[in-house]
Amino acid sequence: MTGAIPLSWLDLSLAAGLMLAAALLSLLLQLGITRSFLVAAARMTIQLLLIGQVLTWLFAQRSLWLTLAAGCIMLLVAGYEIRSRQERRLTGGWTYYLGTGTLTLSCSLVLFLALTTQIGPDPWYDPRYAIPLFGMILGNCLTGIALGLNSLIARLEDDRRGIEAQLLLGANRWQALRPSLRHALRSGFMPIVNSMAATGVVALPGMMTGQILAGADPTEAVRYQLLVMFLIAGATSFGVIGAVMTTAWRVTDRRDRLRLDRLRQQ
């Protein structure tokens with residue numbers, strides 16, 4: 001096999017039938033998610049068809065500025081996703097700015113490292129490499145940050161009396177928040193840890209599977225998948241630590257007081 005097997009609209013329709021069957025089952029079982037299921041499937045279809053056209057045009061341009069613009073749009077949307085997934089968020093738009101900022105620093109640095117050293121396309125900003133790789137790193141980092149922030153806020157609210165008691169007894173804010181920070185960081189790291197543990201025997205990741213279907217040598221596909229997983233793990237770790245620690249700094253003050261009044265319900 002020298003290339004991917006082309007798919008017709010009939011092939012996609014047959015696969016979509018499985019999704020419709022799942023929606024029907026949810027309706028029969030009265031799960032209350034049938035509408036959401038169908039709307040999500042429709043949104044996915046429209047978004048993917050549109051992004052396919054955009055990427056085809058973008059790949060043909062090979063422009064640094066267009067590639068940067070596409071990356072900025074992805075970051076802004078990812079920051080909004082982090083904000084929308086929080087049950088309680090920081091006041092004054094802090095959650096959005098914090099999420100977008102940590103994503104920008106962690107994901108952009110890791111991507112730049114990969115493009116200029118390990119992968120080395122010519123030019124280094126070639127959108128055929130930069131955009132898909134950035135999307136994989138960004139999506140995983142987004143999930144980790146969102147989980148870490150949610151876990152931190154929930155833990156702070158549950159342990160509020162204990163934290164304030166430690167602060168009254170002379171502990172500084174970092175000492176009092178240490179158990180909550182550890183719990184939040186573990187929550188943020190857990191998706192990538194589980195993904196790495198299951199990759200290979202339990203699951204064949206999408207990038208590796210796509211390369212194999214396109215005719216690549218499995219050994220080469222494995223090396224690329226390992227590279228991507230290491231990049232994702234690094235970016236997620238930096239992003240989660242940055243977001244959680246900055247949020248902890250924001251919900252306390254220089255007088256070592258817990259300031260949950262800086263949070264508001266979504």
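Keep in mind that this is a model prediction, so the values were computed, not measured.
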Inset, instruction - Would you check, one step at a time, whether the test side chain to side chain contact (heavy atoms under 4.5 Å, CB included) holds for I153 with E87? - result: CA-CA 9 Å; I153 299 303; E87 294 182 5; over 6 Å; no
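- A single hydrophobic cluster is seen to contain both L227 and M136, as judged by linkage of ILVMFWY side chains at heavy-atom distances under 4.5 Å, directly or through other members.
- Between D261 and R259 there is a salt bridge, since at least one side-chain N of the basic residue sits less than 4.0 Å from a carboxylate O of the acidic one.
- A continuous path of hydrophobic side-chain contacts links W65 to L58 [ILVMFWY only; heavy atoms under 4.5 Å].
- Considering every non-hydrogen atom in both M196 and A233, the closest pair reads SD-CB, 4.1 Å.
- Rounding to the nearest 0.5 angstrom, the gap separating the CZ atom in F37 from the CE atom in M19 is 6.5 Å.
- Rounding to the nearest 0.5 Å gives a distance of 9.0 Å between OG1 of T199 and CG of L226.
- Between L115 and Y129 there is a side-chain heavy-atom pair separated by less than 4.5 Å.
- For W124 and F112, the distance between ring centers is under 6.0 angstrom.
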Legend entry - CA sep, side-chain torsions, deciding dist, call: L48, M44, side chain to side chain contact (heavy atoms under 4.5 Å, CB included): CA-CA 6 Å; L48 284 177; M44 176 192 69; 3.8 Å; yes
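- Between the N150 side chain and the R85 main chain, a donor and an acceptor come within less than 3.5 Å of each other.
- Smallest separation of non-hydrogen atoms from G239 and T102: O-CB, 4.0 Å.
- Under the 4.5 Å side-chain heavy-atom criterion for Ile, Leu, Val, Met, Phe, Trp and Tyr, L105 and M74 are members of distinct hydrophobic clusters.
- Using a 4.0 Å cut-off between charged nitrogen and carboxylate oxygen, E157 and R160 do not count as a salt-bridge pair.
- Using modelled atom types, one side-chain atom of R88 and one backbone atom of L263 make a donor-acceptor pair closer than 3.5 Å.
- The backbone N or O of R173 sits nowhere less than 3.5 Å from a side-chain atom of T252 that would complete a donor-acceptor pair.
- Using modelled atom types, no side-chain atom of D256 and backbone atom of N172 make a donor-acceptor pair closer than 3.5 Å.
- Checking side-chain atoms of R264 against main-chain N and O of L90 turns up no donor-acceptor pair under 3.5 Å.
- When hydrophobic clusters are built by joining Ile, Leu, Val, Met, Phe, Trp and Tyr residues whose side-chain heavy atoms come closer than 4.5 Å, directly or via intermediates, L68 is grouped together with L55.
- L109 and L231 end up in different hydrophobic clusters when Ile, Leu, Val, Met, Phe, Trp and Tyr side chains are linked at under 4.5 Å.
- When the shell of 6.0 Å around CZ of F59 is examined, it contains more than 12 heavy atoms from other residues, nucleotides or ligands.
- Distance check: R128 CZ to I131 CD1 gives 12.0 Å after rounding to the nearest 0.5 Å.
- Counting non-hydrogen atoms of neighbouring residues, nucleotides and ligands closer than 6.0 angstrom, the OH atom of Y96 exceeds 12 such neighbours.
- More than 12 heavy atoms of other residues, nucleotides or ligands shown are found within 6.0 angstrom of CZ on R257.
- Inter-residue side-chain proximity for M190 and L147 is flagged as unmet; no heavy-atom pair is nearer than 4.5 Å.
- Residue T100 holds its OG1 atom at 9.5 Å from CD1 of I145, rounded to the nearest 0.5 Å.
- For the pair V240 and F189, the minimum side-chain heavy-atom distance is below 4.5 Å.
- Looking at T247 and W94, their side chains never come closer than 4.5 Å, going by heavy atoms from C-beta outward.
- Closest of all the heavy-atom pairs between G144 and T236 is CA-CG2, 4.4 Å.
- With rounding to the nearest 0.5 Å, the separation of CZ in R83 from CG in L98 is 13.0 Å.
- Across V110 and G234, no two heavy atoms sit closer than the pair CG2-C, 4.5 Å.
- Considering CD1 of I232 and CG of L138, their distance stands at 10.5 Å, rounded to 0.5 Å.
- Side-chain contact between L103 and I82 is present, with at least one heavy-atom pair separated by less than 4.5 Å.
- Nearest heavy atom pair, residue G71 against residue F134, reads O-CE2, 3.6 Å.
- Checked by atom type and distance alone, the side chain of S195 never pairs as donor or acceptor with a backbone atom of P191 at under 3.5 Å.
- For the side chain to side chain donor-acceptor pair (under 3.5 Å) condition, the pairs that include at least one residue of residues 174-189, sequence neighbours left out, are S151-H183, S151-S187, R155-H183.
- Counting only N and O atoms by type, the side chains of N140 and T143 include no donor and acceptor under 3.5 Å apart.
- What you find for I119 and L133 is that their closest heavy atoms are CD1-CD2, 3.5 Å.
- Considering only heavy atoms from C-beta on, W57 comes within 4.5 Å of L66 through its side chain.
- M245 places a side-chain heavy atom less than 4.5 Å from the side chain of L181.
- Counting heavy atoms from C-beta outward, I192 and M229 have side chains that approach closer than 4.5 Å.
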